[in-house]
Amino acid sequence: MFGSFGRILLVRPAAISLRHFCAASPSNSKLFVGGLSWSVDEKSLHDAFSSFGEVTEVRIMYDKGSGRSRGFGFVHFATDYEAKCAKDAMDGKAFLGRPLRISFALEKVRGGPVVVPRLATPMDSRS
DNA sequence: GTTGAGCGTT
């Protein structure tokens with residue numbers, strides 16, 4: 001008969017862990033899109049990225065002095081999954097004749113980090 | 001009509 005295999009190979013190597021939990025990159029639902037052509041508009045990017053997921057926000061930086069796009073922008077997705085998918089799908093691809101440079105955008109907020117809205121006025125500082 | 005790495009309100 002089948003000899004009793006006393007050696008049960010239930011040894012599971014715990015090598016499969018700590019993979020996507022390593023925040024080596026600010027992978028958020030916000031995507032930084034660079035390498036854009038100076039003729040690209042938000043509508044084009046929204047239409048191009050909405051095909052990979054639900055785009056909630058599309059922001060392209062423009063220049064005041066020239067009025068043209070600075071060549072880079074930001075694309076916000078509904079989930080980081082769609083953002084990651086769009087990045088992996090559109091990163092390195094050509095858009096309007098220019099290769100796209102996509103990467104996870106840094107959490108930049110208007111106003112930056114909290115600047116401690118507290119007037120650290122020493123009491124000996126009288127007018 | 002110009003130029004081409006990047007990281008935010010043009």
Side-chain angles (χ1 to χ4, degrees):
Chain A
M1 279 52 173
F2 301 93
S4 53
F5 288 66
R7 305 291 193 270
I8 303 178
L9 302 177
L10 285 181
V11 186
R12 169 167 299 189
I16 36 180
S17 345
L18 281 71
R19 284 189 297 183
H20 22 273
F21 289 102
C22 298
S25 47
S27 355
N28 282 341
S29 53
K30 297 174 274 278
L31 241 55
F32 168 79
V33 183
L36 294 175
S37 185
W38 298 319
S39 305
V40 177
D41 23 58
E42 302 177 351
K43 189 164 80 76
S44 304
L45 278 180
H46 182 278
D47 182 71
F49 281 82
S50 59
S51 183
F52 298 95
E54 183 178 350
V55 181
T56 61
E57 184 68 53
V58 177
R59 184 66 62 80
I60 297 184
M61 320 307 302
Y62 291 91
D63 182 77
K64 267 184 199 180
S66 303
R68 289 178 195 160
S69 63
R70 292 182 181 178
F72 69 96
F74 299 90
V75 179
H76 295 255
F77 281 85
T79 65
D80 54 356
Y81 174 78
E82 299 173 332
K84 198 176 298 179
C85 182
K87 172 183 178 296
D88 182 73
M90 292 291 293
D91 184 28
K93 299 298 171 59
F95 193 69
L96 275 68
R98 225 61 177 183
L100 251 54
R101 288 188 168 195
I102 309 177
S103 51
F104 298 98
L106 310 173
E107 291 193 37
K108 217 63 168 298
V109 66
R110 201 217 280 167
V114 55
V115 196
V116 184
R118 196 169 305 172
L119 298 178
T121 308
M123 48 187 176
D124 56 322
S125 175
R126 61 189 68 182
S127 45

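Note that this is a predicted model, so its numbers are computed, not measured. A, B, ... follow the sequence lines: proteins, then strands. Residue 1 opens every chain.
- When heavy atoms are screened at a 4.0 angstrom cut-off, A/L36 is found touching base atoms of the nucleic acid.
- Protein atom CH2 of A/W38 is 9 Å distant from nucleotide atom P of B/dA5, rounded to whole Å.
- The CZ atom of A/R59 sits 7.0 Å away from the NE2 atom of A/H76 when rounded to the nearest 0.5 Å.
- Checking the phosphate oxygens (OP1, OP2) of B/dC7, no side-chain nitrogen or oxygen of A/R101 falls inside 4.0 Å.
- Environment of CD in A/E54: sparse, with no more than 12 heavy atoms of neighbouring residues, nucleotides or ligands closer than 6.0 Å.
- The distance from atom CE of A/M61 to atom C1' of B/dC7 is 9 Å, rounded to the nearest whole Å.
- Toward the 5' end of DNA chain B, the nearer of the two residues A/R59 and A/S69, judged by each one's closest nucleotide, is A/S69.
- Nucleotide B/dT9 holds its C1' atom 11 Å from the CD atom of A/E57, rounded to whole Å.
- The nucleotide whose nearest atom lies closest to any side-chain atom of A/R98 is, among B/dG6, B/dC7, B/dG4, B/dG4.
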Listing, residues 39-47 of chain A side-chain donor-acceptor contacts under 3.5 Å, not counting sequence neighbours, or none:
| from | atom 1 | to | atom 2 | distance (Å) |
| --- | --- | --- | --- | --- |
| A/D41 | OD1 | A/S44 | N | 3.4 |
| A/D41 | OD1 | A/S44 | OG | 2.4 |
| A/E42 | OE2 | A/I60 | N | 3.2 |

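- Taking for each of A/F74 and A/S37 the nucleotide of DNA chain B with the nearest heavy atom, the 5'-most of the two is the partner of A/S37.
- Of the candidate nucleotides B/dG1, B/dT9, B/dC7, B/dG1 has the atom lying nearest to any side-chain atom of A/R68.
- In this structure, A/G35 reaches the bases: a heavy-atom distance under 4.0 Å links it to at least one base atom across the strands shown.
- The number of heavy atoms from other shown groups lying within 6.0 Å of CZ (A/R70) is above 12.
- With rounding to whole Å, A/L31 atom CG is found 12 Å from B/dC7 atom C1'.
- Spacing between atom CG of A/L100 and atom C1' of B/dC7 amounts to 15 Å, rounded to whole angstrom units.
- Rounded to an integer number of Å, the gap from NE2 of A/H76 to C1' of B/dC7 is 11 Å.
- When the nucleotides B/dG4, B/dG6, B/dT9 are ranked by their closest atom to the side chain of A/F32, B/dG6 comes out on top.
- For the ring pair (Phe, Tyr, Trp, His ring centres under 6.0 Å) test, residues two or more places apart in sequence or in another chain that qualify with A/F74 are A/F32.
- Following rounding to the nearest Å, A/Y62 (OH) and B/dC7 (P) show an atom-to-atom distance of 19 Å.
- Using a 4.0 Å heavy-atom cutoff across all strands shown, A/S103 reaches at least one base atom of the nucleic acid.
- Contacts of A/S39 with the nucleic acid, taken as non-hydrogen atoms under 4.0 Å apart, are absent.
- Rounding to whole angstrom units, CD1 of residue A/I60 and P of B/dG4 are separated by 20 Å.
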